[in-house]
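One structure below.
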Amino acid sequence: MKLVAPCWKPSVEGENSNNRGGDVSGRLDGLLWYKDSGHHVNGDFSMAVIQANNLLEDHSQLESGPLSSLESGPHGTFVGIYDGHGGPEASRFLNEHLFNNFKKFTSENQGMSADVITKAFLATEEEFLSLVKKQWIIKPLLASVGSCCLVGVVCSGLLYIANAGDSRVVLGRLEKTVKQVKAVQLSIEHNASIESVREELRSLHPDDPQIVVLKHKVWRVKGLIQVSRSIGDAYLKRQEFNKEPLLAKFRLSEPFHKPILKAEPTILVQKLYPEDQFLIFASDGLWEQLSSQEAVDIVQNYPRNGIARKLVKAALHEAAKKREMRYSDLKKIDRGVRRHFHDDITVVVLFLDSHLVSRSYWHGPLLSVKGGGGVPAST
């Protein structure tokens, strides 16, 4: 049986929940979806998603095997965390289109590079903005929907991290001198609460004193949104989508001539070393409750199997504690109302087995897991 690697089919939204009880596409337990363990090209992995919004706005994927459509192309593992805002449409769109665009550019480039990932981000952005334009008259609200986008690729001993928004990836690195696993944050976050992000926005828009506004003790771009980079949010990318029939609360009083938000990711490329133990990819819902080191300590001190679910549970315990309530009572709160206590949370833990990290070819089947079933809206 060890010779036959299993292949998971993606979870399909709206399927009968009875059909989703098995581990083929993960398991669904109320608002929690999880895939406790599996094998990717470079080691083991674990995934979990908890829903808080009425409609799940977090989407995610893990793809492992060929990273291009060419037989001779690179093999590796691709992780995507898509934290939507204003609705699930942009994050769902990323889950359906980004990896295909990535494979297309990897094939054209005949290999992996930072430029390939940037091209995939921008091509997917263009496709989504085209959809907004197509549906502008019948669904203008789509112009106010966007998503953060965090991608990690492990390929031929290298790690590529690309981020637009405020999701985060943390590396657990063994510090041999102190025999401890330390947290190393790899992604750069684009949130107006960070002073360097506000400075970047002010330098890009020197003629706009209102580019960042402190509103109800929270810094927001144009007083509307916390992230400075995203996919979607067409109403802050193109003037043509910042007018009627879009709702007045999204419309700016002054016209703008260049995009207010950017879709280009910040990219990091680095070599992986034997000391690099694992990666924790998560939407900001996790990091609002746990520090990077707290998350790394949990992964280091508990079994691999079900570790993503363990992180989600730890975050929920923190969320309950902040509201001076019991975890068991928090669990009884349904989606929608649950958003007042915590955000949707997506976690993917990718273990890096040093003897597998540098391999560039894999004979196993393509692995494709889409995170989160999502409870369909009663409407």
Side-chain angles (χ1 to χ4, degrees), residues 40-43 45 60-64 67 74-83 94 98-99 101-103 105-106 109 111-125 147-175 181-191 193-197 199-200 227-231 261-284 286-287 291-293 295-296 299 346-352 354 357-358 360:
H40 65 103
V41 171
N42 315 107
F45 73 89
S60 55
Q61 67 186 131
L62 187 149
E63 310 285 339
S64 202
L67 296 178
H75 284 57
T77 299
F78 174 104
V79 173
I81 305 281
Y82 316 124
D83 179 1
L94 280 162
L98 181 63
F99 183 61
N101 282 330
F102 168 79
K103 279 174 75 173
F105 289 115
T106 306
N109 190 56
M112 257 302 296
S113 70
D115 193 44
V116 159
I117 302 176
T118 299
K119 281 179 175 173
F121 269 60
L122 297 180
T124 311
E125 160 89 342
S147 182
C148 297
C149 186
L150 169 63
V151 163
V153 180
V154 179
C155 180
S156 304
L158 290 176
L159 172 65
Y160 300 80
I161 298 295
N163 194 40
D166 58 7
S167 294
R168 184 189 304 174
V169 56
V170 171
L171 171 69
R173 176 177 283 156
L174 178 64
E175 299 282 352
V181 176
K182 296 285 187 191
V184 182
Q185 184 175 328
L186 299 179
S187 50
I188 290 172
E189 291 164 31
H190 309 111
N191 188 302
S193 64
I194 302 164
E195 193 175 347
S196 59
V197 171
E199 285 169 7
E200 180 189 48
V227 292
S228 63
R229 300 193 191 197
S230 69
I231 302 296
L261 303 186
K262 292 164 73 170
E264 288 91 345
T266 301
I267 296 190
L268 166 110
V269 184
Q270 67 181 44
K271 192 175 185 297
L272 287 167
Y273 293 93
E275 295 76 30
D276 299 335
Q277 307 287 293
F278 52 81
L279 295 159
I280 306 169
F281 295 86
S283 53
D284 71 325
L286 183 82
W287 310 114
S291 71
S292 296
Q293 189 61 52
V296 162
V299 176
T346 295
V347 180
V348 178
V349 181
L350 210 61
F351 290 96
L352 303 167
S354 56
V357 158
S358 57
S360 55

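- When all heavy atoms of G152 and I161 are compared, the pair lying nearest together is CA-CD1, 3.9 Å.
- Taken from CZ in F99 to CD in E63, the straight-line distance is 4.5 Å, to the nearest 0.5 Å.
- Within 6.0 Å of atom CD1 in I267, more than 12 heavy atoms from other residues, nucleotides or ligands are found, so the atom counts as buried in its surroundings.
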Checking V299 against Q277 for the side chain to side chain contact (heavy atoms under 4.5 Å, CB included) test, could you report, in this order, the C-alpha distance in whole Å, the side-chain angles of both residues, the deciding distance, and whether it holds?
CA-CA 10 Å; V299 176; Q277 307 287 293; over 6 Å; no
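- Applying the side-chain contact (heavy atoms from CB on, under 4.5 Å) criterion to A123, with sequence neighbours excluded, gives N101, F105.
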Quick one, E264 with L122, criterion side chain to side chain contact (heavy atoms under 4.5 Å, CB included). Give me CA distance, side-chain angles, the key distance, then yes/no.
CA-CA 7 Å; E264 288 91 345; L122 297 180; 4.1 Å; yes
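- A distance of 6.5 Å separates CZ of F281 from CG of L150, quoted to the nearest 0.5 Å.
- Residues satisfying the side-chain contact (heavy atoms from CB on, under 4.5 Å) criterion with S113, sequence neighbours excluded, are N109, D115, V116.
- Taking the side chain as every heavy atom from C-beta outward, L279 and L159 approach each other to under 4.5 Å.
- Ring orientation note: the planes of F278 and F351 are nearly perpendicular, at an angle over 60° on the 30°/60° scale.
- Once rounded to the nearest 0.5 Å, the distance linking CG of D83 with OG of S230 reads 11.0 Å.
- Looking only at side-chain heavy atoms (C-beta outward), M112 and F102 come within less than 4.5 Å of each other.
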Check the pair I231 / L98 against side chain to side chain contact (heavy atoms under 4.5 Å, CB included), numbers first and verdict last.
CA-CA 11 Å; I231 302 296; L98 181 63; over 6 Å; no
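- A heavy-atom distance below 4.5 Å is found between the side chains of C148 and V227.
- Within the 3.5 Å criterion, the main-chain N or O of T346 finds a donor-acceptor partner in the side chain of S283.
- A282 and V347 get closest at one heavy-atom pair: CB-CG2, 4.2 Å.
- Of the possible donor and acceptor atoms, none in the side chain of D166 sits under 3.5 Å from a partner among the backbone N and O of E189.
- Side-chain contact between I81 and V348 is present, with heavy atoms from C-beta onward closer than 4.5 Å.
- Contact annotation: the side chain of S187 never approaches that of L268 to less than 4.5 Å [non-hydrogen atoms, C-beta and beyond].
- Taking every heavy atom of both residues into account, W287 and A295 meet most closely at CZ3-CB, 3.8 Å.
- Note that CG of N191 is 10.5 Å distant from OG of S167, once rounded to the nearest 0.5 Å.
- Under the 3.5 Å distance criterion, the side-chain polar atoms of Q293 are matched with a main-chain donor or acceptor of A183.
- The two residues A164 and A263 make their nearest non-hydrogen contact at CB-O, 4.0 Å.
- The line from OG of S228 to CD of E200 is 6.0 Å long, rounded to the nearest 0.5 Å.
- Separating the NZ atom in K271 from the CG atom in D276 is a distance of 9.5 Å, to the nearest 0.5 Å.
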Could you walk me through whether L171 and V296 pass the side chain to side chain contact (heavy atoms under 4.5 Å, CB included) check?
CA-CA 8 Å; L171 171 69; V296 162; over 6 Å; no
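- Y82 is linked by a ring pair (Phe, Tyr, Trp, His ring centres under 6.0 Å) to nothing, counting only residues two or more places apart in sequence or in another chain.
- Listed for the T77 side chain is no donor-acceptor partner under 3.5 Å among the backbone atoms of V154.
- In this structure the side chain of L350 reaches within 4.5 angstrom of the side chain of L62, judged on heavy atoms.
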